[in-house]
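Letters A, B, ... mirror the listed sequences (proteins, then strands); counts begin at 1.
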Protein chains: 2
Amino acid sequence: MRMTPLRRNVLALLVKAGEPVKAYDLLDQMRSEDGSAKPPTVYRSLDFLMEVGLAHKVEALNAYIACAHCHDKGGAELYICGKCGSVDERHGAPEPLNAPTGFETQRSVVEHYGLCAKCH
Amino acid sequence: MRMTPLRRNVLALLVKAGEPVKAYDLLDQMRSEDGSAKPPTVYRSLDFLMEVGLAHKVEALNAYIACAHCHDKGGAELYICGKCGSVDERHGAPEPLNAPTGFETQRSVVEHYGLCAKCH
DNA sequence: TCTGCGCTTGTGATATTATAACATAACCAA
DNA sequence: TTGGTTATGTTATAATATCACAAGCGCAGA
Ligand SMILES: [Zn+2]
Ligand SMILES: [Zn+2]
Ligand SMILES: [Zn+2]
Ligand SMILES: [Zn+2]
């Protein structure tokens, strides 16, 4: 598991976008530079980046973003503006009070959709 | 927007399953009774059920469950066991403390993946 | 009752998202 | 160098979801 030019390039595209990007849009961008890119190319890179905590999947959008915190893994909370598309990544929320007793959380998906302060 | 036999049938299948079900699995079940079912049939019914708050999508699984609370809409928090597949639906968590200032949440996706009390 | 309109469903096609399977290449340690 | 592991290339296909248009149904008002 090491950072490679390919993976670094995918990360760079995510960072440059600054907002959630679809896998096939990444693929199109990659193809425009190196015609040989194919779906597994981008999905593997995304899997790697998520595994090491450099990217997250926005589950309800089927899109991917660069991590804004460089935390190790899990636990991101995303505030996604439906108007301008901006994503504000936070983390550190405590375990919810109303969790079922005995439930041991391994991974959480927390995505809030609404309007950011600028878009009210 | 009214409840119809078709929609009631989809809801019944979700309730009977008691766990997240994939759209195409629903479709297979429907086909075994009425050969004419096609993807839009099931997706439309699911859209209706979610709109009226009788079902939820489990975003990270691309699956659907019957609502366990009959709340009006939004705000479900799902605790999903990765071993036995059970889902415990809760709601009522307060707005997170670390939300960006001025963000107005319209819809939240909250899914916790881990092990339920029985599966430790 | 009849008619017209809107909602619901049928149907075929297609778009979007993601993975399987196997081959080749690059990297690195012994 | 040589052999194992990791990474990438390549082809195909699976899984998920939507579009577009036609047909049917249910009901309000003429
Ligand atoms: Zn992050
Ligand atoms: Zn905004
Ligand atoms: Zn519910
Ligand atoms: Zn369990």
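- Comparing D/dT18, D/dT8, C/dA18 against the side chain of A/R44 picks out D/dT8 as the nearest.
- In this structure, of C/dT17, C/dA18, C/dT8, it is C/dT8 that holds the atom nearest to the side chain of B/T4.
- A continuous path of ILVMFWY side-chain contacts below 4.5 Å connects A/V52 to A/V42, so both sit in one hydrophobic cluster.
- Between the A/E111 side chain and the A/A60 main chain, a donor and an acceptor come within less than 3.5 Å of each other.
- Between the C1' atom of C/dA15 and the CG atom of A/D28 lies a distance of 14 Å, rounded to the nearest Å.
- Rounded to whole Å, atom P of C/dG10 lies 7 Å from atom CG of B/D34.
- Of the candidate nucleotides C/dA18, D/dA7, D/dG9, D/dA7 has the atom nearest to the side chain of A/M1.
- Sequence order on DNA chain C of the closest nucleotides to B/Y24 and A/A63 puts B/Y24 first from the 5' end.
- Using cut-offs of 30° and 60° for the angle between ring planes, the A/H112 and A/Y79 rings count as parallel.
- Along DNA chain D, the nucleotide nearest to B/R2 and the one nearest to B/K57 differ in position, and the one closer to the 5' end is contacted by B/K57.
- The nearest whole Å value for the distance from the CG atom in A/L61 to the C1' atom in C/dT17 is 13 Å.
- If you take CD of B/E59 and P of D/dT16, they are 13 Å apart, rounded to a whole angstrom.
- Straight-line distance from the OH atom of B/Y43 to the P atom of D/dT16: 7 Å, rounded to whole Å.
- Note: CZ (B/R7) to C1' (C/dT9) measures 9 Å, nearest angstrom.
- Under 4.0 angstrom from either OP1 or OP2 of C/dT17 there lies at least one side-chain N or O belonging to A/K22.
- Between A/E51 and A/R7 there is no salt bridge, since no side-chain nitrogen of the basic residue lies less than 4.0 Å from a carboxylate oxygen of the acidic one.
- B/K38 contributes no side-chain N or O that, together with a main-chain N or O of B/L27, makes up a donor-acceptor pair within less than 3.5 Å.
- Each of B/N62 and B/M3 was matched to the nucleotide of DNA chain C holding its nearest heavy atom; the match closer to the 5' end belongs to B/M3.
- Between the NZ atom of B/K38 and the C1' atom of D/dA20 there is a distance of 15 Å, given to the nearest Å.
- The CG atom of B/L6 sits 13 Å away from the C1' atom of C/dC7 (whole-angstrom rounding).
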